[in-house]
Amino acid sequence: MLETSLMIATAMVMVSLVLNVWRLFRGPDKPDRILALDTMYINSIALILLFGLFMGTAIYFEAALMIAMLGFVSTAALCKYLLRGDIIE
């Protein structure tokens, strides 16, 4: 039962990831693309966590934390670049 629910959740996250890629390429302006990229980070974290639950190991949770930190820093840097045109002052 757990494996079935994990497969269904994985399929839903994969559909969400495909829709995010579509928004990333089609987005009408830069903030929409940045938001799509940020949502792709969240979806990749969800996929890694689901895979970690499926495999029954804890190492994937640490990898998801690293991706979360990378996603936060990159989103902050992209937003700062979009607002000011410069990342480092």
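This one's a predicted model, so the numbers in the text were calculated from it and none came from an experiment.
- Criterion: ILVMFWY side-chain heavy atoms under 4.5 Å apart, direct or through other members. Under it, M12 and L49 are not part of a common hydrophobic cluster.
- There is a path of hydrophobic side-chain contacts, each under 4.5 Å, that joins L53 to F51.
- Taking hydrophobic clusters as Ile, Leu, Val, Met, Phe, Trp and Tyr residues chained together by side-chain heavy-atom distances below 4.5 Å, M14 shares a cluster with F54.
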Kindly list each side-chain donor-acceptor pair under 3.5 angstrom involving residues 57-77, sequence neighbours excluded, with atom names and distances?
{"residue": "S74", "atom": "OG", "partner": "Y41", "partner atom": "OH", "Å": "3.4"}
{"residue": "S74", "atom": "OG", "partner": "L70", "partner atom": "O", "Å": "3.1"}
{"residue": "S74", "atom": "OG", "partner": "G71", "partner atom": "O", "Å": "3.1"}
{"residue": "T75", "atom": "OG1", "partner": "D38", "partner atom": "OD1", "Å": "3.1"}
{"residue": "T75", "atom": "OG1", "partner": "G71", "partner atom": "O", "Å": "2.8"}

Taking only distance into account, with no hydrogens and no angle test, what donor-acceptor pairs under 3.5 Å do side-chain atoms of residues 2-11 form with protein atoms, sequence neighbours excluded?
{"residue": "S5", "atom": "OG", "partner": "M1", "partner atom": "O", "Å": "3.4"}
{"residue": "S5", "atom": "OG", "partner": "L2", "partner atom": "O", "Å": "2.8"}
{"residue": "T10", "atom": "OG1", "partner": "L6", "partner atom": "O", "Å": "2.7"}

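- For S16, the side chain to side chain donor-acceptor pair (under 3.5 Å) criterion is met by N43, not counting sequence neighbours.
- Rounded to the nearest 0.5 angstrom, I34 CD1 and L82 CG are separated by 4.5 Å.
- Under a hydrophobic-cluster definition in which Ile, Leu, Val, Met, Phe, Trp and Tyr are linked whenever side-chain heavy atoms come within less than 4.5 Å, directly or via other members, L35 and V21 are assigned to different clusters.
- A single hydrophobic cluster is not seen to contain both V13 and V18; linkage of ILVMFWY side chains at heavy-atom distances under 4.5 Å, directly or through other members, places them apart.
- Not counting sequence neighbours, the partners of A36 by the side-chain contact (heavy atoms from CB on, under 4.5 Å) test are R23, L24.
- Here side chain to side chain donor-acceptor pair (under 3.5 Å) pairs that include residues 24-37, with residues two or more places apart or in two chains, number zero.
- Summarising the hydrophobic clusters (Ile, Leu, Val, Met, Phe, Trp, Tyr; side-chain heavy atoms under 4.5 Å, direct or chained), the residues clustered with I42 are none.
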